[in-house]
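What follows is a set of notes on a single structure, which appears directly below.
Keep in mind that this is a model prediction, so the values were computed, not measured. The chain is numbered in sequence order, starting from 1. First listed ligand is number 1; within each ligand, the first listed atom is number 1.
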Amino acid sequence: MIRNTQVTVVGGGIGGLTAALLLARAGAGVTLLERAPEPREAGAGLLLQPNGLAVLDGLSLAADLERHGHPLTRAVVRTSTGLPIVDATVAGFGTGLDHVLAVRRGRLLAGLLRAVRAVPAIETRFGCEVLAAHADGTIEYDGHRVRADLVVGADGTHSIIRTAGDFGAVARDTGTTYVRCLVDGGDLGLEGEYWTALGLFGGAPIGDGSTYFYAAAHAAPIAEALARRDLTAFRHHWTRALPLSAAVLDRVAGFDDLLVNDVTRIDCARWADGRLVLLGDAAHAMAPTLGQGANSAIVDAAVLSIEMAAGRPLAEALRRYADRRRPRVRKVQDTADRLARLSAVTGPVPRAVRDRGLRLLDRLGPLAARQARIAQQEDPRTLRAAVAALSQTRIAAAGLTTGKKPRT
Ligand SMILES: Cc1cc2nc3c(=O)[nH]c(=O)nc-3n(C[C@H](O)[C@H](O)[C@H](O)COP(=O)(O)OP(=O)(O)OC[C@H]3O[C@@H](n4cnc5c(N)ncnc54)[C@H](O)[C@@H]3O)c2cc1C
């Protein structure tokens with residue numbers, strides 16, 4: 001079905017760039033529309049997990065990230081005094097898929113964009129804001145009205161494509177806020193996550209002489225410091241709650257270096273409506289506590305392309321994509337919410353009870369390892385093979401779909 005298919009991808013974030021690349025490799029003609037006037041260097045880090053790495057490796061983009069990123073083989077959550085609450089080995093899925101990779105977000109975006117620009121079947125247009133879309137595949141932007149065989153809404157939490165279609169979407173403000181930042185210094189003693197009286201604080205070196213950190217910002221003293229744009233108070237409160245954060249926070253040059261995000265959860269009853277389909281945050285924005293938002297967007301792009309390439313009619317391909325992705329992502333969103341609630345417990349007694357309970361659960365069965373496996377959503381090995389096979393239309397041979405061979 002994908003040959004002679006014209007796809008418009010709306011949104012040039014991690015999900016949209018990956019989708020453009022994979023759909024084009026599978027044989028579609030792709031136009032990518034991004035409202036930002038030019039590619040942006042998003043000033044933060046990102047933890048790539050085996051599922052996201054599998055897709056990137058299948059696209060031959062992982063090696064560069066591995067060279068410049070920082071691998072993490074353990075997932076450790078500690079108290080503010082450094083006692084482990086959860087300590088798990090990252091679930092292993094074979095060579096290259098046995099770790100989490102902390103990377104600079106800008107490097108991932110730049111690598112994806114370079115790859116997109118190298119594919120003649122993809123036209124990229126920056127500075128194009130889509131203003132309206134219709135289920136027949138018509139979209140409107142900059143005074144243009146054009147029709148595509150498929151419109152992929154990869155336009156993030158506030159998606160216009162989601163608003164335009166009938167997706168049964170519910171957006172819920174979670175009442176949580178997180179701060180992210182990159183600072184100079186690759187050896188500042190931060191690797192892993194700490195659950196403190198102010199909520200979580202975590203991060204890791206990203207392999208290029210910088211350290212990425214993220215922190216909850218919904219506890220009152222932090223929220224007030226942010227509202228006043230008061231970096232000194234922000235540092236003061238965090239350093240009191242978690243002394244080791246001082247080494248990192250002292251390197252924050254100015255308030256504007258902090259990226260502050262309120263978290264909205266998006267649930268959609270349907271992921272497709274006619275010729276419109278959603279992926280990434282547009283379909284399933286979630287709490288960042290599992291580090292699966294971008295990884296899930298990457299997996300969405302892969303599964304959508306695999307289903308599109310399998311030679312079925314469009315409606316069936318989209319139904320299979322949604323049936324496969326929606327329940328798995330829903331589980332991940334729920335787990336991320338649970339972790340957000342657990343990590344936000346502030347009172348000393350409830351925290352002690354929580355920590356003891358989690359340690360006990362972990363001892364009874366490796367809780368974190370099991371959760372991390374479920375969080376991958378697809379077997380990363382199979383995913384990697386299917387993505388690598390996409391451009392050679394050997395998807396069925398890779399064992400991911402049982403459908404007809406694609407038309408060539
Ligand atoms: C504190 C924090 C830490 C996180 N850490 C991780 C992590 O470690 N690992 C992980 O996997 N995820 C993480 N995430 C989540 C991750 O950042 C997101 O899930 C991911 O970036 C979503 O990608 P996306 O491509 O779906 O959407 P976006 O990145 O939001 O991209 C959407 C794009 O669409 C464009 N756009 C929007 N509207 C229009 C329009 N009308 N027309 C044209 N273009 C449009 C936007 O300009 C944007 O470029 C974290 C999130 C937070 C808040």
Side-chain angles (χ1 to χ4, degrees), residues 8-20 31-40 42 44-53 55-56 69 72 75 100-105 108-109 112-113 124-133 139-142 151-164 174 176-181 193 199-204 206 212-218 258-266 278-301 329 332-333 336 340 375-377:
T8 298
V9 175
V10 181
I14 293 168
L17 287 167
T18 310
T31 305
L32 177 88
L33 303 178
E34 165 56 50
R35 75 174 163 201
E38 55 194 44
R40 284 174 298 198
L46 188 70
L47 303 179
L48 286 168
Q49 300 198 26
N51 56 350
L53 283 172
V55 176
L56 296 168
L72 305 165
V100 167
L101 191 66
V103 296
R104 185 179 281 264
R105 204 174 261 256
L108 171 60
L109 282 166
L112 284 167
L113 187 60
T124 44
R125 292 194 203 157
F126 282 84
C128 276
E129 179 165 10
V130 173
L131 301 172
I139 55 167
E140 297 170 36
Y141 65 94
D142 289 352
V151 175
V152 178
D155 49 346
T157 305
H158 306 290
S159 166
I160 187 84
I161 305 300
R162 189 180 67 238
T163 313
T174 63
T176 58
T177 304
Y178 294 87
V179 166
R180 298 175 267 183
C181 190
E193 200 165 287
L200 64 81
F201 190 106
I206 55 166
Y212 164 53
F213 78 86
Y214 54 89
H218 25 275
L258 301 176
L259 291 177
V260 184
N261 286 93
D262 296 330
V263 176
T264 302
R265 172 168 168 161
I266 303 290
L278 301 177
L279 64 72
D281 276 8
H284 52 65
M286 65 179 82
T289 43
L290 260 186
Q292 268 295 338
N295 286 289
S296 299
I298 293 171
V299 177
D300 292 343
V329 175
V332 169
Q333 289 176 293
Q376 303 310 307
Q377 307 158 43

If you scan protein heavy atoms around atom 40 (C) of ligand 1, the nearest is Val130 N, 3.8 Å
Near Gly15 (heavy-atom distance under 4.0 Å), the atoms of ligand 1 are 25 (O)
Here the atoms of ligand 1 under 4.0 Å from any heavy atom belonging to Tyr178 are 1 (C)
Which word best sums up how the rings of His218 and Tyr178 line up, parallel for under 30°, tilted for 30 to 60°, or perpendicular for over 60°?
perpendicular
query = Taking both backbone and side-chain atoms of Pro288, is any N or O found less than 3.5 Å from an N or O belonging to ligand 1?
reply = no
### Query
How about Phe126 and Leu113: do any of their side-chain heavy atoms sit closer than 4.5 Å?
yes
Nearest non-hydrogen protein atom to atom 12 (N) of ligand 1, with distance, is Ala294 N, 3.0 Å
Looking only at heavy atoms, the pair that brings Thr157 and Arg162 closest together is O-NH2, 2.6 Å
Worksheet item: Is there a heavy atom in Arg105 that sits closer than 4.0 Å to ligand 1?
Response: yes
Worksheet item: Is there a heavy atom in Cys128 that sits closer than 4.0 Å to ligand 1?
Response: yes
Compute the shortest N/O to N/O distance between Val179 and ligand 1 and return yes if it is under 3.5 Å, no if not. no
Exercise. State, without any angle test, whether Gln292 and Asn51 hold a side-chain donor-acceptor pair at a distance under 3.5 Å.
Key: yes
Less than 4.5 Å apart, any side-chain heavy atom of Asp281 and any of Ile266? no
The protein heavy atom nearest to atom 32 (C) of ligand 1 is Ala154 O, 3.4 Å
| request: Check whether any side-chain heavy atom of Val130 lies under 4.5 Å from a side-chain heavy atom of Val151, and answer yes or no. | output: no
Hey, mind stepping through Leu279 and Thr18 against side chain to side chain contact (heavy atoms under 4.5 Å, CB included) and telling me if it holds? CA-CA 11 Å; Leu279 64 72; Thr18 310; over 6 Å; no
For Ile14, the ligand 1 atoms with a heavy-atom partner under 4.0 Å come out as 25 (O)
Strictly distance-based, threshold 3.5 Å: is any side-chain N or O of Gln49 a donor or acceptor partner for the main-chain N or O of Leu290? yes
Atoms of ligand 1 under 4.0 Å from any heavy atom of Gly293, numbered from 1 in the order shown, are 10 (C), 11 (O), 12 (N), 15 (C), 19 (O)
For Val10, the ligand 1 atoms with a heavy-atom partner under 4.0 Å come out as 42 (N), 43 (C)
* For residues Asp300 and His284, determine if any side-chain heavy atom of one lies less than 4.5 Å from a side-chain heavy atom of the other. => yes
Non-hydrogen atom of Tyr212 closer than 4.0 Å to ligand 1:
yes
* Just distances here: any N/O of Thr157 and N/O of ligand 1 closer than 3.5 Å? -> no
The protein heavy atom nearest to atom 8 (O) of ligand 1 is Leu47 N, 3.0 Å
Any heavy atom of Tyr214 under 4.0 Å from ligand 1? The part involved is neither
the protein heavy atom lying closest to atom 34 (O) of ligand 1 turns out to be Gly11 CA, 3.2 Å
Could you go step by step and tell me if Glu34 and Thr124 meet the side chain to side chain donor-acceptor pair (under 3.5 Å) rule? CA-CA 8 Å; Glu34 165 56 50; Thr124 44; over 6 Å; no
among protein heavy atoms, the one nearest atom 29 (O) of ligand 1 is Gly13 CA, 4.2 Å
When distances are taken from atom 49 (O) of ligand 1, the protein heavy atom at minimum range is Glu34 OE1, 2.6 Å
Here the atoms of ligand 1 under 4.0 Å from any heavy atom belonging to Gln292 are 10 (C), 11 (O)
So for Leu33 against ligand 1, with non-hydrogen atoms under 4.0 Å, the contacting part is backbone
Gly156 heavy atoms within 4.0 Å reach ligand 1 at atoms 27 (O), 30 (O), 32 (C)
Contact region, Ala285 to ligand 1, non-hydrogen atoms below 4.0 Å, reads neither
Atom 13 (C) of ligand 1: closest protein heavy atom, distance to 0.1 Å, is Leu46 CD1, 3.8 Å
Among Asp300, Leu290, Asp281, closest by heavy atom to atom 26 (O) of ligand 1 is Asp281
Filtering Arg35, His158, Arg180 for the heavy atom nearest atom 44 (N) of ligand 1 leaves Arg35
Note: ligand 1 atoms sitting under 4.0 Å from heavy atoms of Glu129 are 41 (N), 42 (N)
Does the side chain of Tyr214 come within less than 4.5 Å of Glu193's, by heavy atoms?
-> yes
(message) Is there a side-chain contact between Leu48 and Val103 in this structure, where contact means two heavy atoms from C-beta onward sitting under 4.5 Å apart?
(response) yes
